[in-house]
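Scroll down for the structure; my scribbles are underneath it.
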Amino acid sequence: MRKMKPVKIITAIALFTLSCAVYAEGKIISTYYESWKENTPGWKHYTNSRGSIGNKDNYEELTYQKKDKHWYWGRNSYVDKSGQIKGGTRDNIVPENGRYAISAYTFQKAYSGNVWLTNGNIQRRGGNSVILKIYLNDVLKKEYKVIKKHFKPLLFQYNFGPVKKDDTIYVAVCSAGNKKASYRLYYTIEEFAQGERPGKPVNIVHPAATEAMPQVEPNGRMGKRYRRIHQRQCADALKNKPELILLGDSITMRWPPEMMNRDLGKFKPANFGYGGDWTQNVLWRVQNGIIDKVKPKIAVLLIGTNNISNKYTNKEIVEGTKAIIAEINKKSPKAKIVLMGIFPRGKSIRNNRYYERIKIINKSLEKLCDNKKLFYLDIGSKLVEPDGSITREMMRDGLHIGPKGFEIWGAALKPLLEKINEQDKK
């Protein structure tokens, strides 16, 4: 056996020690998301208008700007006197003159465990590259530079160790050049017991379309309501053993039960749609119990419109859909799948940037289907008027179909389901 050089032995020991750490879910102390609300205990927002960064005496506190009577995500914000810095919104803005937008959390008590900054996401939205610096009190602990303007955020986390009461974490962001910059930011402050550490940071902003993951909250964890409804749907599936399942987002979820039972009742349907789902979320739910031990005869899948809204490419959406189909085949090999073309959206399909993308995506989805195991159904043309308009009766909000739309969907789906059942009998 070849001897390892001393440096390699040290490296091996270090890796072994790291692998022995227990990955755990910490106790949340607070989140940057909470700092967006006015007068949240422990939180302040600053800019270094009086001098260099890394010296709290140089910091000017930002003013809370209330645009709504009540706090609402993305509307209210923190601003400096000049109006150049805007923090706490979907798009944070910093000027080109080296001024930082600084979010600060002061600990209300001491923590003897390791305090981590976890699930850090920073996404450059526009303008210059951005620099992110993490301080404990006035001591710089970590620095990052986000060069690319890309939908995929830079992920970060940091271990501060034990902290004392009145210690302050500062997360500061500035433009890296001679233009202003806008960015999106998330992070969570958590305590872990000695010997425990968080897993890798969760991509909150823009996970891959083929990555199985549930809907997560700004702290990087699955939402409680999402978990509860997923568990309920899994339990209902096990209890009722549906032969037809419908997977998708809020469009599917809103199918009135009485209409579904009237049009599709003979097929023993179950609606597993969930509002806000992306391809990633449906993939996760299929992997985690939504059809386990049920083995439905047919699965109807309508997904992708929320991915379009969140800047995923046409190719990414198709790949995400393919991943769901593959997982359904894995979980229920004998099931037939009806793949729905993504519905049109907006007030009209004329001069509609979403619809132009939807047409391209749907062509790719149709090419996946063989009409033996995987069937394609596109009812988009039936949801649109001859002049290209989409009526309020059809889609009151330009996205979700109403009763008239569900009648069209049910009427188009029923004969296809009957055809599939007939094929299975042969």
Side-chain angles (χ1 to χ4, degrees), residues 31-33 35-36 43-56 58-60 62 77-80 82 84-105 115-161 168-190 197-208 211 218-220 310-313:
T31 69
Y32 175 69
Y33 183 80
S35 80
W36 299 0
W43 285 102
K44 296 286 185 182
H45 289 264
Y46 299 99
T47 183
N48 58 314
S49 60
R50 304 188 184 104
S52 61
I53 190 78
N55 183 344
K56 64 182 180 181
N58 293 334
Y59 299 167
E60 162 201 341
L62 301 184
S77 59
Y78 289 88
V79 298
D80 69 340
S82 67
Q84 292 182 298
I85 289 180
K86 187 177 182 183
T89 61
R90 182 182 179 92
D91 289 323
N92 301 273
I93 299 173
V94 285
E96 65 277 8
N97 55 11
R99 291 267 300 282
Y100 286 77
I102 307 167
S103 53
Y105 181 78
V115 172
W116 283 75
L117 190 156
T118 65
N119 294 321
N121 283 228
I122 182 166
Q123 178 195 42
R124 179 186 168 196
R125 303 277 288 176
N128 261 346
S129 302
V130 293
I131 295 172
L132 179 144
K133 295 183 178 181
I134 301 171
Y135 291 83
L136 180 61
N137 300 318
D138 287 342
V139 180
L140 177 64
K141 296 295 185 178
K142 196 73 176 179
E143 180 175 343
Y144 301 90
K145 187 172 183 179
V146 185
I147 298 174
K148 293 184 178 180
K149 179 184 175 183
H150 194 273
F151 298 120
K152 184 178 179 180
L154 182 147
L155 306 181
F156 61 95
Q157 62 185 22
Y158 186 79
N159 180 11
F160 293 96
T168 301
I169 289 174
Y170 297 95
V171 177
V173 182
C174 76
S175 169
N178 58 0
K179 295 180 181 179
K180 69 178 182 180
S182 64
Y183 62 95
R184 189 184 297 183
L185 179 65
Y186 292 99
Y187 62 87
T188 300
I189 303 169
E190 299 184 59
R197 58 175 291 135
K200 294 180 180 180
V202 173
N203 187 334
I204 300 169
V205 177
H206 199 84
E211 179 182 353
N219 58 23
N310 286 278
K311 312 299 183 184
Y312 286 85
T313 67

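Model, not experiment: these values are computed from the prediction. For this chain, numbers begin at 1 and follow the sequence in order.
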The side chain to side chain donor-acceptor pair (under 3.5 Å) partner of T118 among E190, K200, Q157, R197 is E190

Any side-chain heavy atom of V79 sitting closer than 4.5 Å to one from L62? no

Can any side-chain N or O of N178 pair as donor or acceptor with the backbone N or O of E96 at less than 3.5 Å? no

I want to check something: taking the side chain as every heavy atom from C-beta on, are S103 and Y32 in contact at a cut-off of under 4.5 Å? yes

Taking all atoms of both residues into account, what is the closest heavy-atom pair of W36 and L185, and its distance? CZ2-O, 4.2 Å

OG/S129 to OH/Y183 distance, rounded to the nearest 0.5 angstrom? 14.5 Å

Euclidean distance, L154 CG relative to I122 CD1, rounded to 0.5 Å: 7.5 Å

So how far is it from Y59 OH to T47 OG1, rounded to the nearest 0.5 Å? 9.5 Å

Between D80 and K86, is there a salt bridge with N-O shorter than 4.0 Å? no

How many angstroms lie between atom CG of N219 and atom OG1 of T188, to the nearest 0.5 angstrom? 5.0 Å

Hey, does the side chain of N203 reach the backbone of P201 with a donor-acceptor pair shorter than 3.5 angstrom? no

Working for side chain to side chain contact (heavy atoms under 4.5 Å, CB included), residues V202 and L155: CA-CA 8 Å; V202 173; L155 306 181; over 6 Å; no

I want to check something: taking the side chain as every heavy atom from C-beta on, are I189 and V115 in contact at a cut-off of under 4.5 Å? yes

So V130 and K145, do their side chains get closer than 4.5 Å, heavy atoms only? no

Indicate, with yes or no, if the rings of F156 and Y158 have centres closer together than 6.0 Å. no

Taking the side chain as every heavy atom from C-beta outward, state whether R99 and I85 have any pair of such atoms under 4.5 Å apart. yes

Where the side chain of N48 meets the backbone of N58, is there a donor-acceptor pair that is under 3.5 Å apart? no

Might you point out which heavy atoms bring W43 and T31 nearest each other, and give the distance in Å? CZ2-O, 3.2 Å

Contact check, side chains of I204 and P218, non-hydrogen atoms, under 4.5 Å: no

Please output the side-chain donor-acceptor pairs of residues 131-143 that fall under 3.5 Å, not counting sequence neighbours, one pair per line with the distance.
unit_1	atom_1	unit_2	atom_2	d
K133	NZ	Y100	OH	3.2
N137	OD1	T168	N	3.0
N137	ND2	D167	OD1	3.2
D138	OD1	K56	N	3.3

Can you tell me how far OH of Y312 sits from CZ of F151, rounded to the nearest 0.5 angstrom? 10.0 Å

Between N128 and A181, which heavy-atom pair has the shortest distance, and what is it? O-CB, 3.4 Å

In Å, rounded to the nearest 0.5 Å, how long is the span from NZ of K180 to CD of Q84? 9.5 Å

Can the ring centroids of Y46 and Y78 be said to lie less than 6.0 angstrom from one another? no

